[in-house]
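Supplied in structure tokens, the structure appears directly below.
Letters A, B, ... are given to chains in the order of the sequence lines, protein chains preceding strands, and every chain is numbered from 1.
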2 protein chains.
Amino acid sequence: MTTISVLLVDDHMVVRSGLKALLGTQPDFDVVAEAASGEEALELVEQHSPAVVVMDLAMGAGMDGIEAIRQLRQRNGRQAILVFTTYDSDADIVRAVDAGAMGYLLKDASPDEIFAAIRGAVQGKSVMSAPVASRLFQQLRNPDEVLTPREAELLSLLTEGLSNRELGQRLFISEATVKTHLAHIYAKLGVETRAAAIATAIRREGMR
Amino acid sequence: MTTISVLLVDDHMVVRSGLKALLGTQPDFDVVAEAASGEEALELVEQHSPAVVVMDLAMGAGMDGIEAIRQLRQRNGRQAILVFTTYDSDADIVRAVDAGAMGYLLKDASPDEIFAAIRGAVQGKSVMSAPVASRLFQQLRNPDEVLTPREAELLSLLTEGLSNRELGQRLFISEATVKTHLAHIYAKLGVETRAAAIATAIRREGMR
DNA sequence: AGCAGCATCAGCCAAAAGGCTGAGAGACCA
DNA sequence: TGGTCTCTCAGCCTTTTGGCTGATGCTGCT
């Protein structure tokens, strides 16, 4: 049995120490370092080149988790990166996988799930929490409901409370085009008003 | 120096074990039990009557933290209740204090802050994280911006994407009254459209 | 070459939302 | 008793939004 070196990245002290305590109960894990931010994570990966990086996505200030994952990947490290976060928003999942994450765990996962995910990650296996998997599955089955890049961009601005006119100005398109995009967004989200679209976007798509 | 018995309430295993590890470094803390839900918390308080209850607000399913606090207070326990959560939404802060919380800590608090808050709580002192305090302060300075109960109720429904007509039906009031309330809400939140009101409500007021 | 998806735009119409003024009833407090 | 808050409602008018139909240019795939 080989030892798996782990780097923990989370801006919450309690979470880091909790994870460390949990992993400490297993003989094959070795937490070699802890980072409280994306920047710090990049440094510590350089220094320790851990086998696995367990990373939160929401990181108070500065670089967020997604960006950190992306940069780690660019530096062609061979670390397996495991997302460990509170929310299972569609947008986050897609972006994380896109950035190069190996797995996606939710913070309410049981210790056994966490252990299994880390062990799987070093072997190149993707492990994800059940709700995360079901969301991905859902997207595969209903590709019609996936927003186009432009639509996502518009939806993101929509959640800031802009009017159609303002949206048009911001995106350099006519109000008519804004309305067309909105109609498509509403259909895909399964809503009928912009109010409901905003609510859905912030809650389900995680556009905060 | 007396020992302070503590009950931890959080639906995330990692957070509980992190908190336990942190408190374990101090000689005067004794974590006597851990609960993963509001219901469990009530039971365990009965059994152990700890001096302090450290409680998260967002608890996956079932009873949430606020309700748990309320019920603990009704059972005239003498526990000091300390909220330990991720967000500092106005609504949550007010409701928690209202329900009987002694202090309000954010999860990015440092170990020292956490220790101090718990020690303070048993002595009847209110301790809260800086961002929390500043929000309360803000409310005291601008009482004009505090929503009335009815307005808060309406805003909450608004975030579900209902139309004025639907809001009226849901609250058994006319559409005219709905519009009046909305106008007041917009003024208090500093917005001009329902879209912006929803965005503000979900993000700032924590109405998810 | 042709087709599908995406992004762009127009015009028309009905419905919804928002701004404004005014007003009555009940609660609470000085 | 009088003042202040809160909640309730009405009418009027403008702006915004949403539904519908149809159309163009571009890209990428087959």
Nearest of C:dA17, D:dC7, D:dT17 to any side-chain atom of B:S163?
->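 My answer, after comparing the listed nucleotides, is C:dA17.
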
Let me know, please, whether B:E192 or B:T180 comes out on the 5' side of the other along DNA chain C by nearest nucleotide.
->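 Per heavy-atom nearest nucleotide, the more 5' residue is B:E192.
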
Indicate whether OP1 or OP2 belonging to D:dT17 is found under 4.0 Å from a side-chain N or O atom of A:R194.
->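 Affirmative; the distance criterion is met.
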
Check: B:A36 main-chain N/O paired with B:E40 side-chain donor or acceptor under 3.5 Å =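 Yes; judged by distance alone, with no hydrogens or angles, the pair exists.
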
Protein-nucleic acid N or O pairs under 3.5 Å, nucleotides 26-30 of chain D:
none

B:S129 side chain vs B:L105 backbone, donor-acceptor pair below 3.5 Å =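 Not confirmed, B:S129 side chain does not pair with B:L105 backbone.
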
Polar contact flag, side-chain donor to acceptor under 3.5 angstrom, B:D28-B:T3 =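 Side chains of B:D28 and B:T3: no pair found under 3.5 Å.
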
Phosphate contact (D:dT16 OP1 or OP2) by A:N164 side-chain N/O below 4.0 Å =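 No, A:N164 has no side-chain N/O under 4.0 Å of OP1/OP2 on D:dT16.
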
Residue A:T193, side-chain atoms from C-beta onward, closest of C:dC9, D:dG18, D:dT16 |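 The nucleotide sitting nearest to the side chain is D:dG18.
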
Out of D:dT17, C:dT8, D:dC9, which has the shortest distance to the side chain of A:T177?
->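 For the A:T177 side chain, the nearest candidate turns out to be C:dT8.
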
Donor-acceptor contact below 3.5 Å, side chain A:R16 vs main chain A:D10 =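 Looks like yes, one N/O pair under 3.5 Å.
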
Judged by modelled atom types alone, do B:T177 and B:S174 share a side-chain donor-acceptor pair under 3.5 Å?
->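 There is such a pair between these side chains.
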
Minimum-distance nucleotide to A:T148 side chain [options: C:dA7, C:dC9, C:dA16] =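 For A:T148, the side-chain atoms sit closest to C:dA7.
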
